[in-house]
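For reference, positions follow the sequence shown, starting with 1.
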Amino acid sequence: MSKLCAVLDVGKTNVKIHVLNEGYNSRYCRSRSNVVVASGIYPHHDIPGLWQWICATLTEIAGAFSIDVIAITTHGATAALVNPEAGDSGLVLPIMDYEFDGVAEESDYAAIRPPFSETCSPELPAGLNLGRQLHWQKRNCERAFEDALYILPYPQYWAWRLTGTPTSEVTTWGCHTDLWCPDKRDYSSLVDHLNLRAKLPPLVSADAVVGAVSEALAKQTGLSAECKVIAGLHDSNASYLRYLERGRERPFTVISTGTWVVSFSASTPLASLDENRDMLANVDINGDPVACARFMGGREFAEICRRTGGQPEDPFSADDMQRIIDQRVFALPDFSGGSGPFGGLASRLTGHTDSGPALATLYCALMIDFELELLGSEGDLIIEGAWLRNPLLCCLLAQLRRDQHVLLSEDETGTVSGAAQLAFADRGTAPAFRAVSPSRLSALEAYRLAWRTRPQK
């Protein structure tokens with residue numbers, strides 16, 4: 001009988017639970033929005049509501065399937081301060097939303113932040129550097145902070161909720177946290193400066209079995225008491241995981257798309273990274289650093305649509321994009337509030353269009369193209385995730401990058417399949433692809449040049 005894996009995928013915008021078999025076919029899926037609570041000492045994730053939904057969904061799953069293993073993947077820049085005696089959630093403090101910009105008011109953090117040469121972690125806005133969050137909590141919530149026995153990366157917090165076993169793992173620690181030193185494969189000097197080591201649980205591999213689901217959870221949901229839980233990993237790394245073997249053969253770049261668009265280029269030397277362009281090293285499940293460039297693409301797409309009076313799901317055509325090019329309508333960064341290669345610039349719209357999604361598609365394709373140039377990307381471009389549902393964007397990128405083949409994953413749930421790979425023995429099977437033909441927009445080169453010369457940084 002085929003093994004079944006339930007994957008908990010906690011994205012910044014949406015949360016999903018899938019059931020996959022060993023052929024990576026989805027047998028079940030439920031989703032909900034990821035809610036941020038604005039009240040309290042700082043904006044935080046609705047952990048009680050999310051846990052209630054997780055338990056209800058697992059109960060529904062257990063009634064229909066025999067689940068062998070649960071794997072977890074989550075967004076980054078998030079950690080939990082846990083004491084097992086602090087109630088069911090274990091939280092001594094709410095889990096901070098990384099968009100809380102109050103942490104940036106602690107100006108003395110800059111004095112203790114390790115240099116980019118140590119961490120390959122650029123200085124980012126709000127709480128996107130996890131070390132900044134922990135510094136703020138330690139200073140402003142001292143008693144609660146000291147009560148925490150563990151600081152758990154977000155995937156391992158959910159593994160702890162499912163099993164009661166505390167662990168940690170490198171893909172989340174190595175994701176622009178300021179807390180990890182890729183060269184040493186160890187924590188950075190910031191960890192010792194903040195005196196955190198005693199609170200950090202053992203490092204395990206992303207595919208390590210943390211344990212079986214707790215007796216209480218098995219009884220509540222109907223899951224088998226023998227159902228195992230995998231430690232889990234950072235979501236963009238889950239997308240990248242499926243291509244690790246491919247990287248041993250020839251250069252390639254994986255473009256993971258969603259709220260964040262992250263381009264992974266294993267062949268790019270770390271010395272090429274520009275910390276002022278939101279370039280960084282992520283760390284794969286083997287602890288190896290991978291050169292990356294990123295921007296908040298999903299958020300920026302939605303914001304451009306909003307400002308033009310449209311919705312991201314509104315239909316548009318290549319003709320709409322051609323009119324925008326012909327009329328020299330531009331969306332100029334930054335629409336994210338500080339992230340990406342032009343982070344910190346004042347966003348602008350020049351000209352007018354009735355098609356927000358067409359303008360947003362042009363903008364996002366140009367952003368990816370610019371970041372690929374920063375990375376010196378070589379070989380195939382593999383698009384993963386939410387933007388597979390925007391075929392015109394994929395064709396546009398193929399026109400912009402004519403010297404590279406653009407391949408689309410046949411699986412729209414790259415993070416989910418990547419997380420499931422941790423649970424299944426056959427990890428070497430690469431996903432199926434389909435090639436994309438370039439769009440045929442005229443005057444695109446001139447439009448790209450004009451777009452690039454407008455923003456300055």
Side-chain angles (χ1 to χ4, degrees), residues 11-14 16 31 33-34 255-263 294-337 339-343 345-372 381 383-401 406 408-409 412-415 434 436-448 450-452 454-455:
K12 186 61 170 69
T13 305
N14 295 296
K16 301 184 287 289
S31 66
S33 59
N34 196 357
I255 304 168
S256 175
T257 65
T259 302
W260 288 95
V261 176
V262 185
S263 296
R294 51 172 230 154
F295 70 106
M296 210 170 187
R299 182 71 53 81
E300 294 200 75
F301 194 104
E303 178 62 14
I304 292 168
C305 290
R306 186 191 69 81
R307 292 200 197 179
T308 54
Q311 298 293 328
E313 60 272 17
D314 290 344
F316 69 100
S317 67
D319 289 340
D320 294 320
M321 291 195 293
Q322 188 64 66
R323 278 190 292 272
I324 288 170
I325 293 171
D326 294 343
Q327 295 169 11
R328 310 291 273 185
V329 180
F330 293 98
L332 301 172
D334 159 41
F335 294 91
S336 71
S339 300
F342 303 105
L345 295 185
S347 59
R348 290 184 292 141
L349 296 177
T350 67
H352 173 75
T353 178
D354 293 326
S355 181
L359 180 61
T361 293
L362 278 162
Y363 172 88
C364 290
L366 290 168
M367 286 285 279
I368 295 172
D369 172 58
F370 182 72
E371 292 197 328
L372 293 173
L381 302 175
I383 299 179
E384 281 272 353
W387 286 3
L388 292 170
R389 296 190 291 273
N390 187 339
L392 290 175
L393 188 151
C394 301
C395 294
L396 179 57
L397 186 61
Q399 182 175 353
L400 289 166
R401 308 293 301 183
V406 175
L408 310 185
S409 171
E412 292 188 10
T413 57
T415 56
R434 62 185 186 278
V436 61
S437 299
S439 55
R440 298 182 178 181
L441 297 172
S442 62
L444 180 61
E445 290 291 333
Y447 183 86
R448 169 168 59 178
W451 181 87
R452 284 196 181 183
R454 299 283 181 106

I'd like a table of donor-acceptor pairs (distance under 3.5 Å, sequence neighbours excluded) in which one partner is a side-chain atom from residues 362-370, with atom names and distances.
| from | atom 1 | to | atom 2 | distance (Å) |
| --- | --- | --- | --- | --- |
| Tyr363 | OH | Glu300 | OE1 | 2.5 |
| Asp369 | OD1 | Arg401 | NH1 | 3.0 |
| Asp369 | OD1 | Arg448 | NH1 | 3.2 |
| Asp369 | OD2 | Arg448 | NH1 | 2.9 |
| Asp369 | OD2 | Arg452 | NH2 | 2.9 |

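A donor-acceptor pair under 3.5 Å is absent between the side-chain atoms of Ser33 and the main chain of Asn14, judged by distance alone. Within the 3.5 Å criterion, the main-chain N or O of Ser317 finds a donor-acceptor partner in the side chain of Asp320. Under a 3.5 Å cut-off, the side chain of Glu371 and the backbone N or O of Ser263 do not form any donor-acceptor pair. Judged purely by atom type and a 3.5 angstrom limit, Thr257 uses its side chain to pair as donor or acceptor with the backbone of Ala386.
We find the CG-CG distance between Leu332 and Leu345 to be 9.5 Å, quoted to the nearest 0.5 Å. Here the CG atom belonging to Asn34 is positioned 7.0 Å from the NZ atom belonging to Lys12, to the nearest 0.5 angstrom. A distance of 9.5 Å separates OG1 in Thr308 from CD in Glu303, rounded to the nearest 0.5 Å. Residue Gln327 holds its CD atom at 9.0 Å from NE2 of His352, rounded to the nearest 0.5 Å. Rounding to the nearest 0.5 Å places CD1 of Ile324 at 11.0 Å from CG of Asp319. Rounded to the nearest 0.5 Å, atoms CD (Glu313) and CG (Asn390) are 12.5 Å apart.
Looking at every heavy atom in both residues, Ala358 comes nearest to Ser355 through CB-OG, 3.1 Å. Residue Trp260 comes nearest to Ser339 through the heavy atom pair CH2-OG, 3.4 Å, listed as atom of the first residue, atom of the second, then distance. When all heavy atoms of Ser439 and Leu396 are compared, the closest pair comes out as OG-CA, 3.4 Å. Residues Phe342 and Pro333 approach most closely at CD1-CG, 3.5 Å, considering heavy atoms. Smallest separation of non-hydrogen atoms from Gly356 and Cys305: C-SG, 3.8 Å. Closest of all the heavy-atom pairs between Ile304 and Ala331 is CD1-CB, 3.9 Å.
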- Task: Tell me, with the steps shown, if Leu349 and Phe335 meet side chain to side chain contact (heavy atoms under 4.5 Å, CB included).
- Result: CA-CA 10 Å; Leu349 296 177; Phe335 294 91; 3.9 Å; yes

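Residues Thr350 and Arg328 are not in side-chain contact: their nearest non-hydrogen atoms beyond the backbone lie 4.5 Å or more apart. Put simply, the side chain of Trp387 does not reach to within 4.5 Å of the side chain of Ile255, judged on heavy atoms. Between Arg454 and Arg348, some side-chain heavy-atom pair lies under the 4.5 Å cut-off. Residues Val261 and Ser256 fail the side-chain proximity criterion, which asks for heavy atoms closer than 4.5 Å. Here the side chains of Phe316 and Thr353 are not in contact, with every heavy-atom distance at 4.5 Å or above.
Shown here are the side-chain hydrogen bond (donor to acceptor under 3.5 Å, both in side chains) partners of Ser336, two or more places apart in sequence or in another chain: Asp334. Evaluation of the side-chain contact (heavy atoms from CB on, under 4.5 Å) rule for Ala302 yields Pro312 as partners, not counting sequence neighbours. For Thr13, the side-chain hydrogen bond (donor to acceptor under 3.5 Å, both in side chains) partners two or more places apart in sequence, or in a different chain, are Thr259. Evaluation of the side-chain hydrogen bond (donor to acceptor under 3.5 Å, both in side chains) rule for Asp314 yields no partner, not counting sequence neighbours. Phe330 pairs by the ring pair (Phe, Tyr, Trp, His ring centres under 6.0 Å) definition with Tyr447, not counting sequence neighbours.
In this structure, a donor-acceptor pair under 3.5 Å is present between the side chains of Ser347 and Arg307.
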